[in-house]
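The analysis underlying the following values was restricted to heavy atoms, covering all of them including side chains, and did not include hydrogens, waters or symmetry mates.
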Amino acid sequence: MTVFFTSDTHFGDPRVLRLDRRPFPDLAAHDAALIAAWNARVAPEDEVWHLGDFALGPSGPRLREILDALHGTKRLISGNNDGPDTLAAPGWAWVGPYAEVAVEARRLVLCHYAFRTWNGIGRGALNLHGHSHGQLKPIPRQYDVGVDAQGFVPVTLAEILVSRRRGAKRPAEPSA
């Protein structure tokens, strides 16, 4: 089993095409490409931590359809655009605003928002977040796992840790 992280998919949210200049001709292509990119990386037995802003706009049935289409055991850290239908949708193994977990012997503090400081920062804990759509200047031990910052795919901890190294290769963006 592999553990992946992602954020800010904004399924069903037309604003991301304009505000974030995502490279898709329309919302249907956006949603289909993100689902395909997710499933190309994530196997059914893998685990995915989605750090918020999963969807904005789709009805309850459409949310369930999207969740059912995505591989893996899905855990949601709620974001500012995750409404009641998203939070209550069947298909989440866990939903909450914040989590502290260990992956590959690394302590991780997970939240939709980037922190200035966090529990365990002095002992090497990492803060993984979304919300900023790749627009924040990174600080040590803090990583934006949002699709805009990570090539529109869920990423592993190993990929996150090398993402700032000179010449590091991001996962490929899906073609529109």
Side-chain angles (χ1 to χ4, degrees), residues 1-11 16 20 34-35 37-56 66-67 70-84 86-173:
M1 175 194 74
T2 303
V3 179
F4 290 91
F5 302 90
T6 193
S7 173
D8 299 288
T9 48
H10 284 268
F11 289 110
V16 296
D20 295 318
L34 265 60
I35 291 168
W38 176 308
N39 288 340
R41 301 208 81 215
V42 177
E45 66 276 5
D46 292 337
E47 179 176 302
V48 181
W49 283 91
H50 193 294
L51 304 190
D53 287 1
F54 177 76
L56 181 66
I66 293 167
L67 269 170
L70 297 169
H71 293 171
T73 299
K74 297 165 285 288
R75 301 179 191 288
L76 178 66
I77 300 287
S78 55
N80 57 301
N81 287 303
D82 291 318
T86 298
L87 301 176
W92 298 115
W94 181 90
V95 175
Y98 173 95
E100 293 185 21
V101 299
V103 173
E104 299 170 17
R106 294 295 300 253
R107 277 186 67 194
L108 306 176
V109 173
L110 310 177
C111 189
H112 181 60
Y113 305 103
F115 292 142
R116 186 84 184 264
T117 187
W118 54 90
N119 188 28
I121 188 172
R123 294 182 302 281
L126 306 177
N127 171 223
L128 306 186
H129 68 89
H131 188 67
S132 61
H133 295 256
Q135 300 301 310
L136 285 182
K137 181 180 179 186
I139 65 172
R141 294 191 290 275
Q142 184 177 68
Y143 298 87
D144 183 346
V145 301
V147 296
D148 299 291
Q150 300 293 340
F152 297 99
V153 296
V155 289
T156 65
L157 183 58
E159 290 166 337
I160 292 165
L161 294 174
V162 301
S163 66
R164 290 195 203 140
R165 292 186 189 151
R166 182 179 210 99
K169 187 174 179 184
R170 275 186 1 175
E173 293 184 9

Q: Provide the closest heavy-atom pair for Val109 versus Trp118 in the form atom of the first, atom of the second, distance.
A: CG2-CD1, 3.8 Å
Q) If every non-hydrogen atom of Asn80 is compared with every non-hydrogen atom of Tyr113, which pair is closest and at what distance? A) CB-OH, 3.1 Å
Q) With a 4.5 Å heavy-atom cut-off, do Leu161 and Leu126 have their side chains touching? A) yes
Q: Report the C-alpha distance between His71 and Phe4 in whole Å, list the side-chain angles of each, state the deciding distance to 0.1 Å, and finish with yes or no for side chain to side chain contact (heavy atoms under 4.5 Å, CB included).
A: CA-CA 11 Å; His71 293 171; Phe4 290 91; over 6 Å; no
Q: Verify, without hydrogens or angle tests, whether Arg141 (side chain) and Ile121 (backbone) share a donor-acceptor contact under 3.5 angstrom.
A: yes
Q) Between Asn81 and Asp53, which heavy-atom pair has the shortest distance, and what is it? A) N-OD1, 2.7 Å
Q) For the atom pair CG (Leu157) and CZ (Arg106), what is the distance rounded to the nearest 0.5 Å? A) 6.5 Å
(Q) Nearest 0.5 Å, please: how far is CE in Met1 from CD in Glu47? (A) 5.0 Å
Q: Measure across Trp94 and Ile77 and return the closest heavy-atom pair with its distance rounded to 0.1 Å.
A: CZ3-CD1, 3.6 Å
Q: May I have the step-by-step check of side chain to side chain contact (heavy atoms under 4.5 Å, CB included) for Leu128 and Ile160, ending in yes or no?
A: CA-CA 9 Å; Leu128 306 186; Ile160 292 165; 4.1 Å; yes
Q | Plane angle bin for His112 and His131 - parallel if under 30°, tilted between 30 and 60°, otherwise perpendicular | A | perpendicular
Q: Identify which one of Val48, Thr9, Leu34, Ile35 satisfies the side chain to side chain contact (heavy atoms under 4.5 Å, CB included) criterion when paired with Leu70.
A: Ile35
Q: Verify side chain to side chain contact (heavy atoms under 4.5 Å, CB included) between Trp49 and Leu108, making sure each step is shown before the conclusion.
A: CA-CA 11 Å; Trp49 283 91; Leu108 306 176; over 6 Å; no
Q.
To the closest 0.5 Å, what do you measure between CD (Gln150) and OH (Tyr143)?
A. 10.5 Å
Q: May I ask you to decide if Gly134's main-chain N or O and Asp144's side chain share a donor-acceptor pair within less than 3.5 Å?
A: yes
Q. Of the non-hydrogen atoms in Asp46 and Thr2, which two are nearest, and what is the gap between them?
A. OD1-N, 2.9 Å
Q. How long is the gap from CZ on Arg107 to CG on Asn127, to the nearest 0.5 Å?
A. 12.0 Å
**Q.** Check: Trp92 ring centroid to Phe54 ring centroid under 6.0 Å
**A.** yes
**Q.** Distance (rounded to the nearest 0.5 Å) between His50 NE2 and Thr86 OG1
**A.** 9.5 Å
Q | Considering all heavy atoms, the nearest His129-Leu51 contact | A | N-CD1, 3.8 Å
